[in-house]
Structures are given as C-alpha cells and as structure tokens.
Amino acid sequence: MELAAKYTPAEVESKWYQYWINNGLFHSQPDHREPYTIVIPPPNVTGILHMGHMLNNTIQDILVRRARMTGKNACWVPGTDHASIATEAKVVNKLAQQGIKKRDLTREQFLEHAWSWTHEHGDIILQQLRKLGASCDWDRTAFTMDEVRSESVLKVFVDLYKKGLIYRGLRMVNWDPKAQTVLSTEEVIYRDEKSKLYYLKYYVADTDTLPVKPTNEEGEILHKDAKGYYAVVATTRPETIMGDTAMCINPKDPKNQWLRGHKVTVPLVNRVIPVIEDRYVDMEFGTGCLKVTPAHDVNDYNLGKTHHLDTIDIFNPDGTLSEAAGLYIGQDRMEVRKQIVIDLSAAGLVEKIEDYDNKVGYSERNQDTAVEPRLCRQWFLSMQHFANIALPPVLEGKIKFYPAKYITTYKNWLENIQDWCISRQLWWGHRIPAYFLPTAEDEEEQFVVALSPEEALEEAKKIKGFENITIDQLSRDEDSLDTWFSSWLWPISLFNGINDPGNGEIKYYYPTSVLVTAPDIIFFWVARMIMSGEEYLKDVPFGNVYFTGIVRDKIGRKMSKSLGNSPDPLELIDKYGADAVRMGMMLSAPAGNDILFDEALCEQGRNFNNKIWNAFRLVKSWNVEDKPQPDTAQKAVEWFDNMLCRVHNEIDGLFSKYRLSEALMVVYKLFWDEFSAWYLEMIKPAFGQSIDRQTYRHTLQFFDHLLRLLHPFIPFITEELWQNLQQREEGESIMQAQLPQVHTADTALLSQFEITKEVITNIRNIRLQKNIPAKQSLDIFHKGNADNYYDSLIGKIANISHIQAWKDDMNIPSANFLVNTTEWIIPIGNMIDKEAEIKKIEADIQYYEKFLNSVMNKLNNEKFVNNAKPEVVALERKKQADATSKLETLRENLKRFSE
RNA sequence: GGGAGUUUAGCUCAGCUGGUUUAGAGCAUCUGCCUUACAAGCAGAGGGUCAGUGGUUCGAAUCCACUAACUCCCACCA
C-alpha cells in the first residue's frame, strides 16, 4: 500500500475510537483477574473541557491502558458532578436573561429548568473526553444526582445523624451574598487586597463623670475637641458600625485606661454602647480600641458571647442593609461603605484614613463577591471522628501520595479540623432529609431526620406532644447538601456500596487503585473520601493518589479566560491530533509540579508521531526474501533485543513510581534514537535489495513491542500501525495486547555497543571535517586491544571497507581519535592539516593532564586511600592507568605530527 | 504569623541512601546536508564556578546551618 510521507491523525483517531467502542473494549466486569480501578474526578456536569481536564484525564488514561496491558482488569468509571453552586448560578443567570427570577418560581419549577439545562449540557464534557481517547467504561457513566447516588447520599445523612455525627447549630458561618447560601470554611478563599483603615471618632457619652483625662507625657489633654472627649476606633469596614454593640479595649492598655467603665456613642448612629475590656484586643493595632459587631465578625461574635452583648444583624441575605441597620436601608454593603465614609467625614467623625493591606474572603465558586460572616442555623458534620480515622492510613503509608510532600498538608489539616457545614441554601442538590415539626416562633425548633416523609412521621409521633401529628404538618427542610457531601462517597456509590453493601462489584473494584487529581481539592475531596471510605467500608478508597500540577502557560501564568492564554483543547486536537496533544501534556508534567504548557510541545508530539509513521513506512516498504541473515543484521538484532529489554524494565520501574513523563521520554528516545537512528540503519537493505526473512521477523516483533510500550501514551497511532503491521483478527486490538515478558539485558554487550557508536560518531566527524563524502568508503586502523565484535557494523554504518590492526612501521598521513584507550587511525592522504591535528592533540593532552592530576591528587592523599571504599579507590586507579596510557599515545602522535 | 516546597545549560526538568572518567536529558540555538522512511528530517557542535556563604567529610549538586529570591498551603489581628 502507498503511505503518505506525513501522518494525518484526524481520520485515524475517530476510526479507532469507534472500533474500541464497537468491540466493547472499555467495558469491565468482575472476573478472575486482578482489578485496576480508577474513578474519574467528576467534572461539573455543565462544564466544558479545559487544559486541566486534559492533563488529568490523559494521566488516568495512560494508567488504565497500561494496566490493561499488564494483565489487570482495568475499569475507569466516568461521571459528572452536579456542582450545586456553579450549576444553580448558571441556571439562575439563564433564567434572568429570559426575565425570570428564581424567587418567582417554585422549587419544582426551578428544578425542572435545572434538569433540562443539565440534560442539554451534561453530555458535552464526556463527549469531549472521547476525543482525547479516554478509555472510560461509558456503560458505567454516573451522575452525582442520579438515583443510586442520591439514595446513597440521603442514607449516609440519616445514618450519620443517627450516629450523632450530624447536628444542627447556630454558628457564625460564611455567607455568599450573591449565591445567597452559606459556604464551608474550605470554600472561602482569601485574597490580599489594598484597602483602607478608617479611624473613626466615638465620642464619650458620659464625659461629665470622666475622672481620668487622656493626656500625653507632658500632661496635655488628648482626644478632645469642641464636641468633647472621643475614642478613636480603626476599622476596615465602616459600613458595619450600625451593628456595633460595644467598644473593646485591652484592660492592660495604659493609653486607654481613661475609657474604662465608660460609654461611647457610635458615630452617625448615635447609639450609646459600653466600653468593655478583653485581653483579646491587640494594644498595638490601630489605637487599641476595637469596635464590636457581634453579628458580622467571628471574633466579635465570640466577644459578644463572653460579654453578653446584643447582636444586631444589619444585613439582608443579599448583602444590602436591613431595617435593623436603621440607615442606608436597602443599599448594597459596598456602596454603603463608600457613602458612609463621605457622610462620616462630613460630620467630622473621621480622624484619618490610612492605606491598609488586608485579606478578604471570597467564594471559591464565585470569585467576585466577598463572603460575609453571618450568624446562621445550619447543619454540620462533626469532623473529629473522621479526622481520627482518616489520618492513620496516610501516615502509615496504606495510601501513598505522589508527591509525598502533600502528606504534611493533609496531616496539618486533619489535626486542625473544623466541623463541616454541609447545608446550602440552594435548590439544585440533594435536599436534606430533615422534617420540621410545627412549632411556634418563640419555641425551639424541632425536627426529625428520615429517608421518607412516612418514616419521618413515625419518628415525629414518638416526640412528646406530637403523638397525633399528620404528614401534612411536617415541612421538609428547604436546604440541600454541599456538593462535596455526595462526591465524598463517589468511590463507594459508583459501585452501589452504600445501598447494597457487600455486593459483588464493590467487593471487586474497591479499594480503587489510584486517584488522579489536583492538589487544590485535597481537603474538599481527597481527605473526605478517605473519611467516608474508612467509615463505610472500613478500608481506604484508593491505594495511591497522584497529584497533578496546575496547567499554566509557558511563562507561568495560570490559564484563565480573561487572560486569553488558555488554548481550547479541542482546537489543539484538531490541529495536532489527540496523540500529539497527549504527548504535549505529558512531556512536561512531573507529578505535583505545575506544568508550563507550550504549544511547541504538541508540535514535538506531532513530530514524534510522524517519526513512528515513517519508520513504519520504511519497514513496510521492504521486500522479504528467504536468504541468509547477514552478520550485521544478526548483531543488530541481538543488540536491539537487549536494548529493548533494558528500557522496558526501566519503564516498569518508572511506572511503579508514577514518573510518567520520564517513562514517556525514555520510550521516546528508545524509538527515535535506538530503533530508528541505529537499528533500522543497521538492518536496512541496500537500495533495491530485499531483506532476509529472519531479520524482518525480528524487526516486526520489535516494532510490535515498541508500539505496545507506546500505546498508553499515544493510543491512536499505535493502534493504527499495530493493525497494519500484520494481519489481525476482527475485534483484536493493541489495547488488549499484553506487554511481552522481557529478560535481563546483557549490560556488557550494551556498553560494548556504546563504544562502537562512539567509534562511528568519530568517523562521521572526521568525514565531516575533511569533507570525505559518505559514499566514499575508507580503510581504517586501530591500535591496541580493540574488540572486533562489531566491526561489520562499523563497516556498514560508517562505510568502512577494512578495519585492520596498525603496524608500527606504517607511515600514512592520518586523522586519529581515541575511544577509551584504543586509538583509531583514518588515513586521509593529502587532506591532512598538520597544524590542526597538532592543535587538537595538544588540547587533548592538556585535558588529560589536568584530569590525571585531579586523579593523582586523590590517590596521593593517604586519607582517601585509607578511608574510601576499595572499589572507589580501584576506580581511581583505573582512571589513572587509562589517562596515563592515553597521554602516552597522544604524546607519540604529537611527536609523529611534529616531525 | 505558622508550615511546606523550589532554586542545576536559553527553556522545562533528571540527578534515589555523598565517590562510574572534573554534571545528564528533551526542547531551543549554531554548523553542514533536500543522502531514494521521515526537512514534522539527517549528521555534527557549542552551552552550566549545580542561588550565595559557611560547615561536616579523604571526597558535596547531593548532608547540616545561615542568607537571598520565588511558589504554594494554612491562620479570626480589627
């Protein structure tokens, strides 16, 4: 068949993906083989593929494909995540565009919209993964809100509630005013911000009874103006003064002693509040006076509790000011901040304004809205128990982290664990299975937790005073659960291990083999899966965790839409082919390091595919004949067989350490340098000649073996060539081909051949320097004990007709070179440039003299000879001997040339 | 404020418990080649006082200390 000189991936890739699907090659079911399971980190159901997904899924595919080829029953389970906040936000936006407000819809109506959005977009990202070549078992595709997963989530909620690990409590929580939901502490990310520190005047309300006046060392009165005495409070959030219910000083603060026991007036608001004392206050910060707003700051809330202060909640859920604020009602908090500063200044209540760097919390999902601390009644999961069970498996090495440095991060978090706020004020998600009983407003709330309204009713009837309650009187909690409360069950719920504990699948596939994920979700997801695994299966969810880095652009910036530096993965695939893009990702992706993605790497991948393609073209172009195998071919086969074994073993080692980019580089070099540049050149028949059957058979075997080693990285082209290398049965695939068993490589033979390569390179160099055409064959000589095992190969590759031993009485103008201690001599007739030769020899002499000198320094050092290991000393002696002999040869040559 | 990590050729990185010819790879660069598989190629070449300082040692890119720069994570100083 005629093959184009350039490989074109597009057709090939879709053809083979379809073939794999048609033959059910991705599907797994339990059998006698050892399982190899990976569960996909479920992408957002309405998301689209970005470079991070590309990296992550390429790695998973490589691992899964390799597992299949090493006798394992590999199962890669795909699925998507309902991503409650993100998806709900998208649906709300879409509705807004149609002029529909979420508040105008019933829960059911809203969910209908959300589901249709999900059905419309939910498949996109999984379709995109197919383009990449992902060998997921699509029959198992799951969704965190499908029936099995939803049931699992609710069961777990009920179970944990019954175990007393889930509780409902009034806490200071993080509120996202845009999404209008509470967030967990992990979902708040803090950003440095340039802001202002406002120094506000709080006039003393009871000046008449001020016994101690504020003075400086000279006795001058301070903090006094026409309106009286005042304290100064430094704050970054002047808009919260309407919620102030006290001012706090440190009891030991000398400069604020005069305020003890007094009252001050909140500026503008004119509410009189007490001055309280607490050691919490930092005397050095600002003026040492702290305004206390218990409703809107965690620390203030705690102060409020200890000092029994009132709590005034001045914000509405959407971040506007509430009636309780008394001022600026209905305006947004950020607007109010600007306005109140103007108003305060106008009233002469601002002493000064300073620049200030502080950290502001933002919602992880919604990074343009600052999170507001808010006092709320929410559902929490007690985490201490889970921290206790999740720490040992990682510390004891039952779960291995790659890279291991994340063990410290993990440990740190678990040792300072906080309870997990699991309720969200969202509709898109798993609705909390809690039912409230009818109670009056001033009574404490009463509720039951149960899987169904019927069960809830049964539970409710047991409560004193509610014996006659009816099902209509129960009202189910409107809130839903944090998305991670379903993802943390993923490795279990995918195999239905919650609803049907101990079923065949969960027993076979769990624990999974490896989790491939980004380090930024180590707390959100990785840690919590370990918790749920230990809780429900008494076993770890995975044996290994491979943390990928963040994909950045080539100058190290994060990829983002606004920077426009994030390439569209699908466009890259169109341009270079999926194999090339996979290679591009993997060529620079050591575990845990960020990867600096450069399109040039895809080009490198494409070039490599082209290289393989052309090697294939060459091999297929040969005519095969029954004839004796030449000595060169026999030696080449023997050598390459050993080389292949050595690299194969090396790759095994690299995979066991998850050093995938190195494994790829090693096999890349094996194919390009050893196989194409050396082996094929050595066995290549002369133009128009045929190849002997034996060599050809070996070559096909090698090619097959190489394709298998390459397949996990570049599945498409390897399948294409493997299918065409020889006749295959219908349904057969390289995907299922096993990696051959290899023997231990003969290292002596391999290093002998490396010497041969060096000889050839030297000859090529001299040809280049002296302009001797490759076509002109040469006779060469060697001095000393040269092994002649590979002489025939030198002859073939370097076009040498005879290699002979040098006789001392010969006198031929020549160019010489040294390989190890053997000197090689190439007669070059009148092309000799004596001066150049002398210069070269002198440079060599200088180098070896210096080298010998450093060796002798060691050997003359008694301490070295006495203390170093014998083999090290022996090595140095060998260096000495070699260098001495080289110098001898070089000096002789120098003499000859100088004559 | 606490913790972790990084710093090796122009770029991205190897170099595991110190000693394998005074540091390796890929890419990029330079030189010469359109040699009948591949110019997405072939044959060559150059390029590094291993961040700095000090220490341990017969011997340090490798171990220790300090310094500097960068990165990340955690933390309720308004």
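Values below: all heavy atoms of this structure, side chains included; hydrogens, waters and symmetry mates excluded.
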In terms of side-chain geometry, is the basic nitrogen of A/Glu823 or A/Lys886 positioned less than 4.0 Å from the acidic oxygen of its partner? no
Less than 4.0 angstrom between a side-chain N/O of A/Asn866 and OP1 or OP2 of B/C58, yes or no? no
Mind checking if A/Ser621 touches a base, just sugar-phosphate, or nothing, with heavy atoms under 4.0 Å? nothing
Is it the case that B/A75 (base atoms only) and A/Gln418 (side chain only) share a donor and an acceptor within less than 3.5 Å, ignoring hydrogens and angles? no
OP1 or OP2 of B/A37 under 4.0 Å from side-chain N/O of A/Tyr7: no
Closer than 4.0 Å, any side-chain N/O of A/Lys611 to the OP1 or OP2 of B/C42? yes
Is it true that the NZ or CZ of A/Arg191 lies under 6.0 Å from the centre of A/Tyr362's six-membered ring and within 45 degrees of the ring axis? yes
Residues in ring-ring contact (aromatic ring centres under 6.0 Å, His included) with A/Phe702, at least two apart? A/Phe640, A/Tyr679
B/U57 versus B/A65 - spacing of their C1' atoms, nearest Å: 16 Å
Applying a 4.0 Å non-hydrogen cut-off, can you work out what A/Leu290 is touching in the nucleic acid: base, sugar-phosphate, or nothing? base
Using a strict 4.0 Å threshold on nitrogen-to-oxygen distance, state whether A/Glu193 and A/Lys359 make a salt bridge. no
Complementary nucleotide of B/U62, counting Watson-Crick and G-U pairs under 3.5 Å: none
Touch class at under 4.0 angstrom, heavy-atom based, for A/Thr293 against every strand present: nothing
